[in-house]
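Below is one structure; the comments refer to it alone.
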2 protein chains.
Amino acid sequence: MHYSRDNMPGLLRSHDINPTHQRIEIAYALFSRMEHLSADQVMALVNVYHSETSKATVYNTLNLFLQKGLIREVIVDPNKVFYDPNTRPHHHLYDVESGHLTDVDAQDIHISGLPPLPKGTALEGIDLIVRVRKAG
Amino acid sequence: MHYSRDNMPGLLRSHDINPTHQRIEIAYALFSRMEHLSADQVMALVNVYHSETSKATVYNTLNLFLQKGLIREVIVDPNKVFYDPNTRPHHHLYDVESGHLTDVDAQDIHISGLPPLPKGTALEGIDLIVRVRKAG
DNA sequence: TCTAGAACCTGGACTTTGTCTAATTTCGCG
DNA sequence: CGCGAAATTAGACAAAGTCCAGGTTCTAGA
């Protein structure tokens, strides 16, 4: 799928999000690239020319998108969280040195032998992270 | 295995770590409980009665233990890292609401279908995190 | 069109986790 | 003992993220 800025209002509305100026810009930053971005990076992309969107709004909006299931959170680095516009089931490969994060399709991966969940809990998700570093 | 404070100097030395007062206390906090602790929690445990160990030392020491392979780092929560005295291969079950983290033995778990690593990279580790929340 | 209320956005203060540094203390050893 | 190296310290600093009070924009209804 390939997103243009014009797709954003519909995408937002389909997730029950009121499409405002700032929300459209933030969604576009993520979905036009289809990359993992940190809040800082989103902030920078949205404000390339003039300062248009405040830090508070960037954080509020990312958390709203998260809560509405439009994007996912990827926790691999101790000092920043990444936001992932790809919400289909997939896992991650993380280069601990460069900080580069790539998707690994969940389709071919099979995990067996998981224990039953503790009583009274429901599965929220399974994250598989393959950490690599430069060989040598 | 069951650790007493007297085991700590040997444990540290076997990992090529000079056993000092503070390092013994920090190791003991982790290994006597065999629980996942954050830096803050370690700090609190070590200083229950009098203030004995500074923040800088707690962080320095945990990073030293990490680098020497005595403990592991667990990244599941966006705003703090947990330190894990269990270094045998295992995975984690994380309750996103309570913040409670438990071990899942790696023995019974089998992961198949992983793609080949990118050229020039070596495997650092595979982290599997099962996220749960209260059912209902 | 005008207006009231709701929703949204903003700058900036604040919090928390973690790092850095320069100075002091302790340790190992001849 | 006395020296140099290693370890520890307090406190300043940095970065990510939250919070709040005030201001702006949007919307629905008359």
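On a predicted model such as this, the values are computed, not experimentally measured, just so you know. Numbered from 1 within each chain, the chains take letters A, B, ... in sequence-line order.
Between A:I17 atom CD1 and D:dC26 atom P there is a gap of 18 Å when expressed in whole angstrom units. Atom-to-atom, CG of B:N18 to C1' of D:dA5 comes out at 11 Å; the value is rounded to the nearest Å. Distance, A:E73 CD to D:dA16 P: 16 Å, rounded to whole Å. Atom CD of A:E25 and atom C1' of C:dC8 are 16 Å apart (whole Å). The distance from atom NZ of A:K68 to atom C1' of C:dA7 is 13 Å, rounded to the nearest whole Å. Rounded to an integer number of Å, the gap from CG of A:D77 to P of D:dG17 is 10 Å. When rounded to the nearest whole Å, the span between NZ of B:K80 and P of C:dT17 equals 5 Å. Here the C1' atom of nucleotide C:dT15 and the CG atom of B:D40 are 12 Å apart, to the nearest Å.
No donor-acceptor distance shorter than 3.5 angstrom exists from the side chain of A:D84 to the backbone of A:R72, with no hydrogens or angles considered. A donor-acceptor contact shorter than 3.5 Å is absent between the side chain of A:T61 and the backbone of A:V58.
Side-chain N/O atoms of B:Q22 include none lying less than 4.0 angstrom from OP1 or OP2 on C:dT26.
B:V96 places a side-chain heavy atom less than 4.5 Å from the side chain of B:R131.
For the segment residues 41-61 of chain A, the set of residues with a heavy atom within less than 4.0 Å of an atom of DNA chain D comprises A:K55, A:A56, A:Y59, in numerical order.
With 3.5 Å as the limit, one finds no donor-acceptor pair spanning the side chains of B:Y28 and B:N7. Defined by atom type and a distance below 3.5 Å, a donor-acceptor pair is missing between the side-chain atoms of A:N86 and A:H36.
The ring pair (Phe, Tyr, Trp, His ring centres under 6.0 Å) pairs that include a residue from residues 60-91 of chain B are B:H90-B:H92, where partners are two or more places apart or lie in different chains.
Residue A:N63 is in sugar-phosphate contact alone, with no base atom involved, counting any heavy-atom pair closer than 4.0 Å across all strands shown.
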